[in-house]
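Note sheet for the following structure.
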Amino acid sequence: MDMEKLVSLCKRRGFLFQSSEIYGGLNGFWDYGPLGVELKRNIKDAWWRDMVTAHDEMSVTPGAPATYEMTGLDCTIIMHPQVWKCSGHYDLFCDMMVDCKDCKSRFRADHLLAIELQFPNSKETDAPHVLLGGTGEKEEIIERHKKKLKKLVRVHGDYLTLSGFMTYGQLNEDGRKKFICPECGQQGNMTEPREFNLMFKTIVGAMGTENDAAFLRPETAQGIFVNFKNVVDSTRVRIPFGIAQVGKSFRNEITPRNFTFRSREFEQMEIEFFCHPDSSRDWYEYWRDRRMRWYTELGLSGDRLILREHAEDELSHYSCGTADIEYAFPFLTEGEFGELEGIAHRGDFDLRSHMEGKLVKNEEGCLVLETGPDGKPKYKGSGRDLTYRDDQAKERFTPHVIEPSAGADRATLAFLCEAYTEDEQPNDKGQMQTRVVMKLHPRIAPIKAAVFPLVKKDGMPEIAQGIYRDLKKRFNVFYDEKGAVGRRYRRQDEAGTPYCITVDGQTLDDQTVTVRDRDTLEQWRVNVADVVEEIAGRVG
RNA sequence: GCGGGUGUAGUUCAAUGGUAGAACGAAAGCUUCCCAAGCUUUAGGCGAGGGUUCGAUUCCCUUCACCCGCUCCA
């Protein structure tokens, strides 16, 4: 499928517009049009209903290790700045970056390492002093510069590497002059480390200063963690249980690209599922499979949708298991997949972070409090007790967290891509014509049914309008009496409307109307009185 | 952020240093008994800002956006 065709259909039919388009647009921001807002809301509603309100906490859901409860939250976008310091986002998202002025490569100042070389056997008193730049292991960095090294060794003899890495950020001015770019080999050509903010910064208070800086949330999850105790205290939920939240998040992405796939303002659908450490692995597997099934059931086909378990070395420092649900978006190259949702086993990292302060992994692989140069905690936690007391087992523990975190905009985009179909259908003269049809699952289709009088006379519009009013009480439906009926059908095809109801001459005799299926073009007759139930039974 | 490409009507595209045309779409009317039909009519555009020029949609610069590649992607 050609992405340009989908983008143009989205604009033409009102699924998606560029934000602030009349002013030239704004990179990384998109608006949902009249059809798009319905589609996206249907997706969010389906998610909320399937995950939260329709969840049966009294019986064991198929595949689940036990019964569990689900509840929801809606937290603010701006939160206390300490939240992001303890969660690790502040350090991670507010980076110092270094660019090579020559080849324009960019590196994180704290990831760009320097290996210092000495040439003790050199006959020259002013023996060359170089710092090899690079990322990764020492051997990798030396390998990267091997050409240059060979030349140096020929002139100056063998070299010694001084022990210990230094990051570029730690180098003094002299060191930076001797630093060699790992990409192009130019020496002393890097910029100073510059601030690079992936979190949107704002000021709280009309007279606020930099001291009142706050951030728009880069994820919804933290609102759930900091409210964990509130939920436990106010709802009588017992572990295992999950808290769901749908809401906007913001990231100053370096390269927003690929339509809405990487936007700077986006909406997440997240669950933080709290369970006992001993059963966390089982719950992780449950949520991984449960979430995968959700997409499949709403129409994302098997071969374009994959579940990808992360390799050990790909895991975040706190995670002991992560899987991505990925979709083969048409704008990606063949064989590539884009992430729709990540299901992460986060252990007790988050709750502990907000109790104790920002955590890091030590040499033994254990999470410990990160300390600053003065030996004190770098970022202090809340000090609140976020452990959980199981009265029945008479046990107190810090719950482990399973996090299925889905992108609502990415899901919407995937459903749009999957739905876009072109087929050949005959026109009224029997000639084959290309038909564009959005084969959206009826449950998420923006318009559930359209009602037409076949022609605008003989009382057909009146009957059709009556059916329209009845349907409108329960569904988003559309009425149209203008022009040829074939044109009206095609319009609905592009909007993804699964059913069209047409009042014709026979209606006047026997009170039946035709129902047309969007995908098969089949038509069958239904009594006017049964239309609402007919549609209800089909759109769920 | 870098390199390349592209910005003309709602969409897809033309033409042009002398202020723009088509197709489809949209709207109105007539006609029409089932899949973008026909006839009539209407509305609608040079991404933005500078510069060169008597005059710029066209040439130049800047900027913004989109596409491709690189980079990045907790």
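Per chain, numbering begins at 1; letters A, B, ... match sequence-line order.
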With rounding to whole Å, what would you report as the distance between [N] and [M] at their [atom1] atoms?
N	M	atom1	answer
rC60(B)	rU53(B)	C1'	12 Å
rC54(B)	rA65(B)	C1'	34 Å
rU41(B)	rC35(B)	C1'	26 Å
rG44(B)	rG10(B)	C1'	9 Å
rC46(B)	rA9(B)	C1'	10 Å
rC67(B)	rG49(B)	C1'	24 Å
rU19(B)	rU8(B)	C1'	13 Å

Per the atom types in the model, does the base of [N] pair as donor or acceptor with the side chain of [X] at under 3.5 Å?
X	N	answer
D504(A)	rC34(B)	yes
R516(A)	rC35(B)	yes
R257(A)	rG69(B)	yes
Q523(A)	rC34(B)	yes
Y489(A)	rC34(B)	yes

Donor on one side chain, acceptor on other, S249(A) and Q268(A), under 3.5 Å
yes
Donor on one side chain, acceptor on other, T322(A) and H345(A), under 3.5 Å
no
[atom1] of [X] versus [atom2] of [N]: gap in Å, rounded?
X	N	atom1	atom2	result
L454(A)	rU31(B)	CG	P	15 Å
Q425(A)	rC34(B)	CD	C1'	13 Å
E21(A)	rC66(B)	CD	P	11 Å
L6(A)	rC67(B)	CG	P	12 Å
F452(A)	rC34(B)	CZ	P	15 Å
K5(A)	rC24(B)	NZ	P	18 Å
K456(A)	rA28(B)	NZ	P	8 Å
R13(A)	rG25(B)	CZ	C1'	8 Å

Taking only side-chain N and O atoms of [X], does any of them lie within less than 4.0 angstrom of OP1 or OP2 on [N]?
X	N	result
Q433(A)	rA36(B)	yes
R487(A)	rA26(B)	yes
K457(A)	rU32(B)	yes
N27(A)	rC66(B)	yes
K11(A)	rU11(B)	yes

Tell me the salt bridge (charged side-chain N to carboxylate O under 4.0 Å, His left out) pairs involving residues 334-343 of chain A, sequence neighbours left out?
R291(A)-E341(A)
Strictly by side-chain hydrogen bond (donor to acceptor under 3.5 Å, both in side chains), give each pair with a member in residues 450-470 of chain A just once, sequence neighbours left out.
Q465(A)-Y479(A), Y468(A)-K472(A)
Quick one: side chains of residues 15-33 of chain A, donor-acceptor pairs under 3.5 Å with protein atoms, not counting sequence neighbours, listed by atom name and distance.
from: E21(A); atom 1: OE2; to: K11(A); atom 2: NZ; distance (Å): 3.3
from: W30(A); atom 1: NE1; to: F259(A); atom 2: O; distance (Å): 3.2
from: Y32(A); atom 1: OH; to: D409(A); atom 2: OD1; distance (Å): 2.7

Is it the case that more than 12 heavy atoms not belonging to E522(A) sit under 6.0 Å from its CD atom?
no
Verify the neighbour count for atom CD of E4(A): are there more than 12 heavy atoms of other residues, nucleotides or ligands below 6.0 Å?
no
Between W30(A) and S8(A), whichever has its closest RNA chain B nucleotide further toward 5' is S8(A)
Start at the 5' end of RNA chain B and walk down; is the nucleotide closest to T434(A) or to E4(A) reached first?
T434(A)
Taking the cut-offs as 6.0 angstrom to the six-membered ring centre and 45 degrees off its axis, would you call [X] and [Y] a cation-pi pair?
X	Y	answer
R516(A)	Y489(A)	yes
K85(A)	Y90(A)	yes
R257(A)	F261(A)	no
R518(A)	Y499(A)	no

Check each residue of residues 490-503 of chain A for a non-hydrogen atom within less than 4.0 Å of any atom in RNA chain B, then write out the ones that pass by number, or none.
R490(A), R491(A), E494(A), T502(A)
Which stems does RNA chain B form, counting runs of 3 or more consecutive Watson-Crick or G-U wobble pairs with both distances under 3.5 Å?
B:1-7 with B:64-70, B:10-13 with B:21-24, B:26-30 with B:38-42, B:47-51 with B:59-63
So, R281(A) and E285(A), do they make that salt bridge, N to O below 4.0 Å?
yes
So how far is it from L440(A) CG to L416(A) CG, rounded to the nearest 0.5 Å?
6.5 Å
Please check if the side chain of N527(A) supplies one atom and the backbone of D530(A) the other of a donor-acceptor pair under 3.5 Å.
no
Contacts under 3.5 Å, N or O only, protein and nucleotides 39-44 of chain B:
none

